[in-house]
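Numbering of ligands and ligand atoms starts at 1, following listing order.
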Amino acid sequence: MTTKIKLFIPGPVEVSQKTLAAMTGPMIGHRSSDFKALYRSIYPGLQQLFQTKQPVFISTSSAWGVMEGAIRNLVKKGVLNCMCGAFSDKWFDVSKRCGKQAAALQVDWGQPIDPTAVDAQLATGQFDAVTLIHNETSTGLMNPLKEISDVVRKYPDVIFIVDVVSSFSALAIPMDKLGIDLMLTGSQKALALPPGMSLFAASGAAFERATQLNDRGYYFDLLEFKKNAEDFMTPSTPTIPHIYALRSKLEEIFAEGLENRYQRHVQTNRVVHDWVNANGFEFFAKDGYRSVTLTCIKNNRQIDVAALAKRVREEHGFQIDGGYGKIKGKSFRISNMGDETVETLKALLAAMTATLQTM
Ligand SMILES: Cc1ncc(COP(=O)(O)O)c(C=O)c1O
């Protein structure tokens, strides 16, 4: 039995020793000039990754904090929740729990959101916000963000809230150009940082909408984030170790080069896809809409997924995911996001092939 398990689950992903070491920087006061210098130092890199001129905020929470905060801060009349998997489905539930008027635009898991269906819903005039998950991690599906944003931009009063939790930094997502009003991500996916921190940016229209709502709360109040960020601070005491790690990761990202990084994700993803095809498996997500950061594999061979994952872990020290929610066992997932390379993926896939041959 191997003791060190390398993660190939779609979050949290493997965190490098370098990143972990970066977290052990000295503790500093969050109102100190040292902290402001730290936040200031990562700011241009974050704006570049978000492809925005808007402020980028650091939230000491997992992504759900910001996802809930976005609903509380930005939905006045009603929200259309685009739903195509476990996380996007849950956002509808969260919208209702926040006491908002919410409507479900549901498609089958594995299918993409249809831009014309979004158009038809927004044309009813019932909505002033839309939520979309760009990369549905539960099904390995990537929604047609450009086409959907073209639709949403036709409705200037509609705030476009986009979760790029498991796609951010693995491919170009031009927030300003697409007209995204709030874009958010988490630390434990392609950024390959430990869980516990989220990043998000918001548009002028989002700040304007927030001023019209009185029940924004405090911890995720957009206007508090904006006011504090003007002075390179956060509303409450942030997770400073994560910010050190983020600084280290941004240095790595820009040293590799964004295009190289994006290409690496395409290549590692292709290696997994080739393995799926070569081993008689199918993809869960529809052709043309498959994620470049993870692969959700349909268990059409009726293998014992739990046994496969257990044996790959115990005999080879690699952790894959045995499927999420209602498709657990009917699918399994392999992540290629973060620091992975063609070599690391090939090692995993060789282990999986060897295990399958003796099952
Ligand atoms: C696309 C997507 N959105 C949101 C979340 C929720 O993130 P967290 O559990 O870190 O709050 C996840 C988690 O896997 C996710 O994959």
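Of all protein heavy atoms, the one lying nearest to atom 11 (O) of ligand 1 is Ser62 OG, 2.5 Å. Nearest protein heavy-atom neighbour of atom 14 (O) of ligand 1: Lys189 NZ, 2.5 Å. Of all protein heavy atoms, the one closest to atom 9 (O) of ligand 1 is Trp64 CD1, 3.9 Å. Among all protein heavy atoms, the one lying closest to atom 16 (O) of ligand 1 is Thr137 OG1, 2.5 Å. Looking from atom 5 (C) of ligand 1 to the surrounding protein, the closest heavy atom is Phe87 CD2, 3.7 Å. With hydrogens left out, the protein atom closest to atom 10 (O) of ligand 1 is Gln188 NE2, 2.8 Å, a heavy atom.
Heavy-atom proximity to Ile133, at under 4.0 Å, picks out these atoms of ligand 1: 1 (C). Residue contact check: Met67 has heavy atoms under 4.0 Å from atoms 4 (C) of ligand 1. For ligand 1, the atoms closer than 4.0 angstrom to any heavy atom of Asn135 are 1 (C). Residue Ala63 approaches ligand 1 through these ligand atoms, each under 4.0 Å from one of its heavy atoms: 7 (O), 8 (P), 10 (O), 11 (O).
Ring orientation note: the planes of Trp64 and Trp91 are nearly perpendicular, at an angle over 60° on the 30°/60° scale. Note on ring orientation: taking the six-membered ring where Trp is involved, the planes of Trp275 and Phe332 are perpendicular (angle over 60°, cut-offs 30° and 60°). Classified by interplanar angle (parallel below 30°, tilted 30° to 60°, perpendicular above 60°), the ring pair Phe8/Phe318 is perpendicular.
We find that Lys249 and Asp339 are joined by a salt bridge, their nearest charged nitrogen and carboxylate oxygen being less than 4.0 Å apart.
Under the 4.5 Å side-chain criterion, counting only non-hydrogen atoms from C-beta, Ile159 is not in contact with Leu182.
For Glu136, the heavy-atom gap to ligand 1 stays at 4.0 angstrom or more.
Judged by distance alone, with hydrogens and angles left aside, the side-chain atoms of Arg153 form a donor-acceptor pair with the main-chain N or O of Leu178 at under 3.5 Å.
Selection from Leu184, Val164, Asp163 by nearest heavy atom to atom 4 (C) of ligand 1 gives Asp163.
Test Gln54, Gln51, Gln47 against Asp176 for side chain to side chain contact (heavy atoms under 4.5 Å, CB included) and you get one pass: Gln54.
Looking at Glu259 and Gln263, their side chains never bring a donor and an acceptor atom within 3.5 Å of each other.
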